[in-house]
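One structure, as structure tokens, below. Some questions next.
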Amino acid sequence: MRTRALFALSVGLLSTPALAQKEFFFGTGEPPVFREADMDKRFLRSRVNQALVQGTSDANCAQLVGALLTIVGESAPYLHKRDENFYLDPVLIQALGTQLSTPRFPANMYLVSMMRRVLIDKRLPPEWMQTAVALAPYYPPLDLSKLRFIADGVKPADSFFFTLPAMLERYDLEVLKANTTAASVADAKFRDDYLDKEVAFAGLEFIDAKLEKPKKKKSKKGPPPEPPALVARLVYYLPDPGNDGLLTGLNYGKPKARPAVTITARLKEDQYTPLTQLPKGARVLLRGRFWEYRKQLKELEVRDAYLFQDRDWAQNPALADPNAVASCPLAFNDLTGTAPVQPGGFGGKR
């Protein structure tokens, strides 16, 4: 679901020139600066923030607070430098509107205020993290690893638009389909434009991870070998245009190999998600620096990487019981009162 949503945002621009497309991915200026506004000060005095800071003993409100922290955590690996926007899975956007919002409680405004607080402070407030840890045993959807990721300081990606499907599309257009006048420099230009970027790749399958030593070089010249590192092997399965999902029961003989991109990720020593909790075949999200590619982008290398569980929210979109939210005394609009729209929007001036 997530991959398809981001790909849809990119596909309409694939016919634009490469420079314009790169600007679409990464922006054209400095990262946005978030400054505290009146709405942010009001949020600090709100009942929701008081519960985030102090916790809550109300079972109904625990669902609301847990759901809001869960959504912040799910967005955390995608926070980026490109602009003021942040990414959220479409299923969670729907849950925000149908499960957490009531006529007297605009949950989307409180979520935006929470995200702004994180970006203004450049970290998740430690009091929120303590509340999340206390709630986690009673609220299973909460992913503490993603919250800890931003509790240690926001580490933005270059752009959440730069997904694996979008990158493959750009390589096909800019390199594989380059005409004769551009073909000789197309690959080098692609490397200059897209390598050494901080990326977030979702929808990957975890193959395995282990400590690996680099191969010894036969020649004594050149730089010394890199130290041993924890390396994860991942795979991203490409859509098969020849398989529309119909009549699969009539396919006999040896199954066809699924087209895929293999990814080697050199991991950071301190992982927020314990690797012991990732079984082989788990769906994961990769955050790290896009370092190298080979074989026409069929093999990728990512360094300084973190692995997170990548939940398929379409399988279980339940965040909170709407009746519980309606019964929670915190679920009251004390941000804008009677104002129907949050003034000022999400971002600030650059």
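Please read these numbers as outputs of a predicted model, since none were measured by experiment.
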> Does the side chain to side chain contact (heavy atoms under 4.5 Å, CB included) test come out yes or no for Gln296 and Leu176, once each step is laid out?
Replying inline: CA-CA 8 Å; Gln296 296 184 348; Leu176 299 182; 3.7 Å; yes
> Should Val53 and Leu64 be counted in the same cluster of Ile, Leu, Val, Met, Phe, Trp and Tyr side chains packed under 4.5 Å apart?
Replying inline: yes
>> Taking salt bridge (Lys or Arg N to Asp or Glu O under 4.0 Å) as the criterion, tell me which of Arg116, Arg117, Arg42, Lys41 meets it with Glu36.
In response: Arg117
> Could you walk me through whether Glu174 and Tyr194 pass the side chain to side chain donor-acceptor pair (under 3.5 Å) check?
Replying inline: CA-CA 12 Å; Glu174 295 180 24; Tyr194 299 111; 2.9 Å; yes
> Between Asp304 (side chain) and Gly288 (backbone), is there a donor-acceptor pair under 3.5 Å?
Replying inline: no
> How about Val154 and Asp121: do any of their side-chain heavy atoms sit closer than 4.5 Å?
Replying inline: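 No, their side chains stay 4.5 Å or more apart.
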>> According to a hydrophobic-cluster definition based on side-chain heavy atoms being under 4.5 Å apart (Ile, Leu, Val, Met, Phe, Trp, Tyr only), do Leu44 and Leu335 belong together?
In response: no
>> On a heavy-atom basis, which atom in Gly55 and which in Thr131 lie closest, and how many Å separate them?
In response: N-OG1, 3.7 Å
>> Any salt bridge linking Arg303 with Glu292? Criterion: basic side-chain nitrogen under 4.0 Å from a carboxylate oxygen.
In response: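 No, this pair does not count.
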> Taking everything shown except Asn179 itself, do over 12 heavy atoms lie less than 6.0 Å from its CG?
Replying inline: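 Check passes, neighbour count above 12.
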> Under the ring-ring contact (aromatic ring centres under 6.0 Å, His included) rule, what pairs show up with a residue in residues 270-298, not counting sequence neighbours?
Replying inline: Phe149-Tyr272, Tyr171-Tyr293, Phe190-Tyr293, Tyr272-Tyr306
> Looking at Asp152 and Arg123, does any basic side-chain N land under 4.0 Å from a carboxylate oxygen?
Replying inline: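 Result for this pair is no, no salt bridge flagged.
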>> Would you say that Leu144 contacts Leu142 through its side chain, given a criterion of any heavy-atom pair below 4.5 Å between the two side chains?
In response: yes
>> Less than 4.5 Å apart, side chain to side chain, heavy atoms only: is that true for Val325 and Pro322?
In response: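 Of all side-chain heavy-atom pairs linking Pro322 with Val325, none is under 4.5 Å.
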> Do you know the tightest heavy-atom contact between Met114 and Val72?
Replying inline: CE-CG2, 3.7 Å
>> Taking Glu30 first and then Lys81, would you say they form a salt bridge - that is, a charged N and a carboxylate O separated by under 4.0 Å?
In response: no
> Got a donor-acceptor contact below 3.5 angstrom from the Gln99 side chain to the Leu319 backbone?
Replying inline: yes
> Taking all non-hydrogen atoms of both residues, which atom of Thr336 and which atom of Met39 are closest, and how far apart?
Replying inline: CG2-CE, 3.5 Å
>> Please find the pair of heavy atoms, one from Leu330 and one from Ala51, that lie closest to each other, and give the distance.
In response: CD1-CB, 3.3 Å
> Heavy atoms, side chains only, cut-off 4.5 Å: are Val65 and Val48 in contact?
Replying inline: no
>> Run the side chain to side chain donor-acceptor pair (under 3.5 Å) test against Lys177 and tell me which residues pass, sequence neighbours left out.
In response: Asp172
> With no hydrogens and no angle check, is any side-chain donor or acceptor of His80 less than 3.5 Å from a backbone partner on Ala157?
Replying inline: no
> Applying the side-chain contact (heavy atoms from CB on, under 4.5 Å) test to Phe43, which of Asp334, Leu52, Asp38 qualifies?
Replying inline: Leu52
> Does Gln309 have any side chain to side chain donor-acceptor pair (under 3.5 Å) partners at least two apart in sequence or in another chain, and if so, which?
Replying inline: none
> Who passes ring-ring contact (aromatic ring centres under 6.0 Å, His included) against Phe105, sequence neighbours left out?
Replying inline: Tyr110
> In the single-linkage hydrophobic clustering (I, L, V, M, F, W, Y; side-chain heavy atoms under 4.5 Å), do Leu96 and Phe332 co-cluster?
Replying inline: no
>> Before we go on, tell me: are the rings of Tyr78 and Phe86 under 6.0 Å apart, centre to centre?
In response: no
> Do Leu204 and Ile207 share a hydrophobic cluster (ILVMFWY, side-chain heavy atoms under 4.5 Å, transitive)?
Replying inline: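 No: no chain of side-chain contacts under 4.5 Å links Leu204 to Ile207.
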> Of the non-hydrogen atoms in Pro317 and Ala95, which two are nearest, and what is the gap between them?
Replying inline: O-CB, 3.9 Å
> Would you say Leu168 and Leu238 make side-chain contact, with heavy atoms under 4.5 Å?
Replying inline: yes
>> So Asp208 and Lys280, do their side chains get closer than 4.5 Å, heavy atoms only?
In response: yes
> What is the minimum heavy-atom distance between Leu307 and Ala232, and which atoms define it?
Replying inline: CD1-CB, 3.9 Å
>> Is it true that Arg233 and Thr262 share a donor-acceptor pair across their side chains at a distance under 3.5 Å?
In response: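 Not at all, the side chains of Thr262 and Arg233 share no donor-acceptor pair under 3.5 Å.
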>> Listing request: all disulfide bond (SG atoms under 2.5 Å apart) pairs with a residue in residues 60-113, at least two apart in sequence or in separate chains.
In response: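 Qualifying pairs: Cys61-Cys328.
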> If we only count heavy atoms from C-beta on, is the Gln277 to Pro274 side-chain gap below 4.5 Å?
Replying inline: yes
>> Run the side-chain contact (heavy atoms from CB on, under 4.5 Å) test against Gln54 and tell me which residues pass, sequence neighbours left out.
In response: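 Listed in chain order: nothing, the list is empty.
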> Quick one: does Gln63's side chain have a donor or acceptor within less than 3.5 Å of a partner on Ala320's backbone?
Replying inline: no
> Is there a donor-acceptor pair under 3.5 Å between the side chain of Ser75 and the backbone N or O of Ile71?
Replying inline: no
>> One pair to check against side chain to side chain contact (heavy atoms under 4.5 Å, CB included): Leu92 and Glu74. What are the steps and the verdict?
In response: CA-CA 9 Å; Leu92 295 180; Glu74 292 303 307; 3.8 Å; yes
>> With heavy-atom distances below 4.5 Å as the criterion, would you say the side chains of Leu230 and Glu269 are in contact?
In response: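 A side-chain contact is absent here, since even the closest heavy-atom pair is not under 4.5 Å.
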> Run the side chain to side chain contact (heavy atoms under 4.5 Å, CB included) check on Arg35 and Asp40 step by step: do they pass?
Replying inline: CA-CA 9 Å; Arg35 296 183 175 89; Asp40 302 308; over 6 Å; no
> So if you build clusters from Ile, Leu, Val, Met, Phe, Trp, Tyr with side-chain heavy-atom gaps below 4.5 Å, do Val302 and Val235 land together?
Replying inline: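 No.
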>> Would the distance check show the side chain of Arg311 and the main-chain N or O of Arg283 forming a donor-acceptor pair, the cut-off being under 3.5 Å?
In response: no
> Does Lys146 come within less than 4.0 Å of Asp143, counting only side-chain N to carboxylate O?
Replying inline: yes
>> By the definition ring pair (Phe, Tyr, Trp, His ring centres under 6.0 Å), identify the one residue from Phe26, Phe24, Phe25 that meets it with Phe161.
In response: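 Testing Phe161 for a ring pair (Phe, Tyr, Trp, His ring centres under 6.0 Å) against Phe26, Phe24, Phe25 leaves exactly one candidate, Phe24.
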